[in-house]
Protein chains: 2
Amino acid sequence: MRTPTDAQLRYLIAALEHSTWAEASAVCGVSASAFSQGLAALESRLGLPLFEARGRSRVPTDHAQAIARHGERILAELARLDDYATEARDGRRGVLRAGMIDTAAIHHFGESLVRYRRARPDVELRLTVAPSAELIDAVVAGDLDFAIVVAPEPSDELSIDVVLDEPLRIYPPPGTADGIDRDPARWGPWVTFPSGSRTRQIIRSALSRSGAHFDVVAESSQPAVLREMVRLGMGWTVLSAVDAETEPHALVALPGEPLALRTLATIRRPTAPMGKTTQALLDDLG
Amino acid sequence: MRTPTDAQLRYLIAALEHSTWAEASAVCGVSASAFSQGLAALESRLGLPLFEARGRSRVPTDHAQAIARHGERILAELARLDDYATEARDGRRGVLRAGMIDTAAIHHFGESLVRYRRARPDVELRLTVAPSAELIDAVVAGDLDFAIVVAPEPSDELSIDVVLDEPLRIYPPPGTADGIDRDPARWGPWVTFPSGSRTRQIIRSALSRSGAHFDVVAESSQPAVLREMVRLGMGWTVLSAVDAETEPHALVALPGEPLALRTLATIRRPTAPMGKTTQALLDDLG
DNA sequence: ACAATAGTTCAGTGTTGCTTCACAACAAGC
DNA sequence: GCTTGTTGTGAAGCAACACTGAACTATTGT
């Protein structure tokens, strides 16, 4: 014995709400014949009489009432599922697992995130802030829908879209003699990101291109910590301007061109379809 | 866009519960092919990605989880409907609208009714106690599933099954002279049922066959009232033994054969299918 | 390289739900 | 009575659907 169709339950409810089946079938948008057959099928599936012949019309049995109540609940649940699907389809509902490096989350896209939360309160936004390498692993593993990281090498496992290039500038400790920027050989020593860091690689190669030594005396993955160490005179650093030049205790960069550009990119797994929740945030970032 | 099938929801839930689809499809009792197609159909109906290719297995998306929860509720409601149907099919659940004349309800079938309520607590038993004519109308109108009444004339609108014949005996007031039973001409006057009553017709024709006058000095539809009037000496009556001879204040019948037999029968509308709830009570009465 | 595993695609099949048309039962009119 | 309109049912045909079995692709383990 098969389970009742949602159409059949709709027929039953309509039959109880209207005095005549012709009327009810019209409301359901099917022919009177289909309506009649549908109710007959429902009766046989349930194994219960739902209507009783009385003259030329049908009178519902007590079972019909009880079953219609069950039917209403079932249809209500189906409608809730449909509502969910509709909201999820256009990204008003769902889960969005985002990853960002700290600079992106705080300085570049903080506002976007706030806007997004306000615009889509039913989206469960889970933000992971971590270094690029960690975020890349998480994206590849499928633990994140996307991440904004320092652009990695192209790879089959990632689709990469550049979102912005930010300047990395050199920040000497306060009180460093003027004119020293002319002679890279006298730069340093350095406080910078830990050795696994992608930004550290960029810095190291840029410095070596400039002819500077890269002798590291202190490490931290936190820009704020590096800035403070420079302020205390422990050494020089290279940071993005937004990290170094924010109050309190803003640093002052060596004048001239930036040492290098750091490219930030969104990364996603190319095999995973992009959900509308993700889409919407990425659109806003661009 | 059509609504999801219950089978498709079952597939989704199974897919989330088992590590491999082959296993899940086996649990659902369908081929891996049908399973895969079913989930694909569900995805397209909802317009949402439910699974994501990862190596050679599929990983559910966040939507899949949420939708499965909705699906569980829908299936639970369907199961409740099915439970209702199962119980209703074998008469453990539903409504039973019964009618009985007072004598039947109190003396003949009171025990049956009590037994029935105890055996089938989920059946909503609605008992109407009224005179035969009224019950017959109610049955014909479809307001009662069946009734036990004084057997009426055969009719197209009723199916009639005799359940018992009960003796109607003559009850004189206390202190009536012995030997008077030999002379029907000296019987009476009478207190008896109102003129519309079926039992009164039986009594009148039986008395006239015996050669007695049928002069009525008081009427009531309630046997207990008639009995009391006889006890107070207002006149004679004819009652079924169970009504007249119960304590307190039992009457004593004229000796000899009963005046007449009153036939009680169950009546039903022949066009209405007999439900199991009705069936069960009628079986018990027999 | 090879076989085993996981899931998909394809063609074919039976069932279902629908439509249209014809029909039976009934009520109300003349 | 006869006719007419209404209400619901049955039959034939059709399109959609869910299923199966077999061939197929892609991934993983050895």
Side-chain angles (χ1 to χ4, degrees), chain A residues 1-12 14-46 49-61 64 71 140-142 156-157 269-273, chain B residues 1-46 49-61 64 71 140 142 156-157 269-273:
Chain A
M1 181 184 318
R2 302 214 25 225
T3 91
T5 309
D6 59 311
Q8 291 169 351
L9 296 174
R10 263 180 264 274
Y11 296 168
L12 174 60
L16 298 183
E17 280 176 353
H18 297 87
S19 50
T20 150
W21 286 18
E23 193 183 329
S25 66
V27 168
C28 291
V30 297
S31 69
S33 181
F35 194 84
S36 169
Q37 292 175 44
L39 286 177
L42 181 59
E43 274 189 333
S44 93
R45 286 187 181 183
L46 295 172
L50 297 176
F51 292 89
E52 185 183 314
R54 188 86 63 84
R56 72 178 167 189
S57 81
R58 310 285 154 207
V59 177
T61 65
V140 170
D156 289 353
E157 285 178 309
R269 299 204 315 126
T271 58
Chain B
M1 182 184 317
R2 301 216 25 225
T3 93
T5 309
D6 60 310
Q8 291 169 351
L9 295 174
R10 263 181 263 276
Y11 296 168
L12 174 60
I13 292 167
L16 298 184
E17 278 175 354
H18 297 86
S19 51
T20 148
W21 287 18
E23 193 183 328
S25 66
V27 169
C28 292
V30 297
S31 67
S33 175
F35 195 83
S36 169
Q37 294 178 50
L39 285 178
L42 181 59
E43 277 190 331
S44 90
R45 284 186 182 185
L46 294 174
L50 297 176
F51 292 90
E52 184 184 315
R54 187 84 64 86
R56 70 180 172 193
S57 82
R58 309 284 156 213
V59 177
T61 64
V140 170
D156 288 354
E157 285 178 308
R269 299 202 316 124
T271 58

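Here is the naming used below: chain letters follow the sequence lines, and residue numbers restart at 1 for every chain.
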- Query: Parallel under 30°, tilted from 30 to 60°, perpendicular over 60°: which one fits the rings of B:Phe35 and B:Trp21?
  - Reply: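 Rings of B:Phe35 and B:Trp21: perpendicular, over 60°.
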
- When rounded to the nearest 0.5 angstrom, what distance separates CD in B:Gln8 from CG in B:Leu46?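 Separation between the atoms: 8.0 Å.
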
- Item | Point-to-point distance, once rounded to the nearest 0.5 Å, from CZ of B:Arg2 to OG of B:Ser44 |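 The CZ atom of B:Arg2 sits 11.0 Å away from the OG atom of B:Ser44.
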
When all nucleic acid strands are considered with a 4.0 Å heavy-atom cut-off, which category describes [X]: base, sugar-phosphate, or nothing?
{"X": "B:Gln8", "value": "sugar-phosphate"}
{"X": "B:Ala22", "value": "sugar-phosphate"}
{"X": "B:Tyr11", "value": "sugar-phosphate"}

- Query: Is the distance from OP1 or OP2 of C:dG7 to the nearest side-chain N or O of B:Thr20 less than 4.0 Å?
  - Reply: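 So the side chain of B:Thr20 is within the cut-off, an N or O lying under 4.0 Å from OP1 or OP2 of C:dG7.
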
- Message: Please tell me if B:Thr5 has a side-chain N or O lying less than 4.0 Å from either OP1 or OP2 of D:dA18.
- Response: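 The answer is yes; a side-chain N or O of B:Thr5 sits under 4.0 Å from OP1 or OP2.
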
Nearest atoms (heavy-atom pairs only) where [X] meets [Y]:
{"X": "A:Arg45", "Y": "A:Thr5", "value": "NH1-OG1, 3.3 Å"}
{"X": "B:Ala15", "Y": "B:Leu39", "value": "CB-CD1, 4.1 Å"}
{"X": "B:Pro4", "Y": "B:Leu42", "value": "CB-CD1, 3.7 Å"}

Can you tell me the distance, in whole Å, between the [atom1] atom of [X] and the [atom2] atom of [N]?
{"X": "A:Leu39", "N": "C:dG17", "atom1": "CG", "atom2": "C1'", "value": "13 Å"}
{"X": "B:Arg58", "N": "C:dT5", "atom1": "CZ", "atom2": "P", "value": "18 Å"}
{"X": "B:Asp6", "N": "C:dT16", "atom1": "CG", "atom2": "C1'", "value": "14 Å"}
{"X": "B:Leu42", "N": "D:dC19", "atom1": "CG", "atom2": "P", "value": "12 Å"}
{"X": "B:Trp21", "N": "D:dA26", "atom1": "CH2", "atom2": "P", "value": "17 Å"}
{"X": "B:Glu52", "N": "D:dT27", "atom1": "CD", "atom2": "P", "value": "14 Å"}
{"X": "A:Phe35", "N": "C:dT19", "atom1": "CZ", "atom2": "P", "value": "12 Å"}
{"X": "B:Arg54", "N": "D:dT27", "atom1": "CZ", "atom2": "P", "value": "13 Å"}

- Would you please name every residue forming a side-chain hydrogen bond (donor to acceptor under 3.5 Å, both in side chains) with B:Ser36, sequence neighbours left out?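 Once residues adjacent in sequence are excluded, B:Ser36 has no partner under the side-chain hydrogen bond (donor to acceptor under 3.5 Å, both in side chains) criterion.
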
- Message: Under a 3.5 Å distance rule, please check whether A:Thr20 uses its side chain to pair with a backbone N or O of A:Ala22 as donor and acceptor.
- Response: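 Checked: pair present.
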
- Item | Donor-acceptor contact present, side-chain B:Glu52 to main-chain B:Val59, <3.5 Å |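 No: the side chain of B:Glu52 does not pair with the backbone of B:Val59.
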
- Item | Which nucleotide in D:dT20, C:dG7, D:dA18 has an atom nearest any side-chain atom of B:Gln37 |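 Output: D:dT20.
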
- Task: Please name all residues satisfying salt bridge (Lys or Arg N to Asp or Glu O under 4.0 Å) with B:Arg58, sequence neighbours left out, ordered by chain then number.
- Result: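 Applying salt bridge (Lys or Arg N to Asp or Glu O under 4.0 Å) to B:Arg58 gives none.
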
Protein-nucleic acid N or O pairs under 3.5 Å, nucleotides 22-27 of chain C:
unit_1 : atom_1 : unit_2  : atom_2 : d
C:dC26 : O2     : A:Arg56 : NH1    : 2.8

- Query: When the nearest nucleotide of DNA chain D is assigned to B:Ser33 and to B:Arg45 on a heavy-atom basis, which residue is associated with the more 5' position?
  - Reply: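 The 5'-side residue here is B:Arg45.
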
- Query: Can you name the side chain to side chain contact (heavy atoms under 4.5 Å, CB included) partners of A:Glu17, sequence neighbours left out?
  - Reply: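 Per chain and number, A:Glu17 pairs via side chain to side chain contact (heavy atoms under 4.5 Å, CB included) with A:Ile13.
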
- Item | Terminal axis angle for the helix from C:dA1-D:dT30 to C:dC30-D:dG1, five pairs an end, nearest 10 degrees |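 The angle separating the two end axes equals 10°.
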
- Apply the side chain to side chain contact (heavy atoms under 4.5 Å, CB included) test between B:Tyr11 and each candidate in B:Val30, B:Leu16, B:Val27, B:Asp6; give the one that qualifies.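 The residue from B:Val30, B:Leu16, B:Val27, B:Asp6 that satisfies side chain to side chain contact (heavy atoms under 4.5 Å, CB included) with B:Tyr11 turns out to be B:Val30.
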
- Which residues within residues 25-32 of chain A lie with some heavy atom under 4.0 Å of an atom in DNA chain D?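 Those residues: none at all.
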
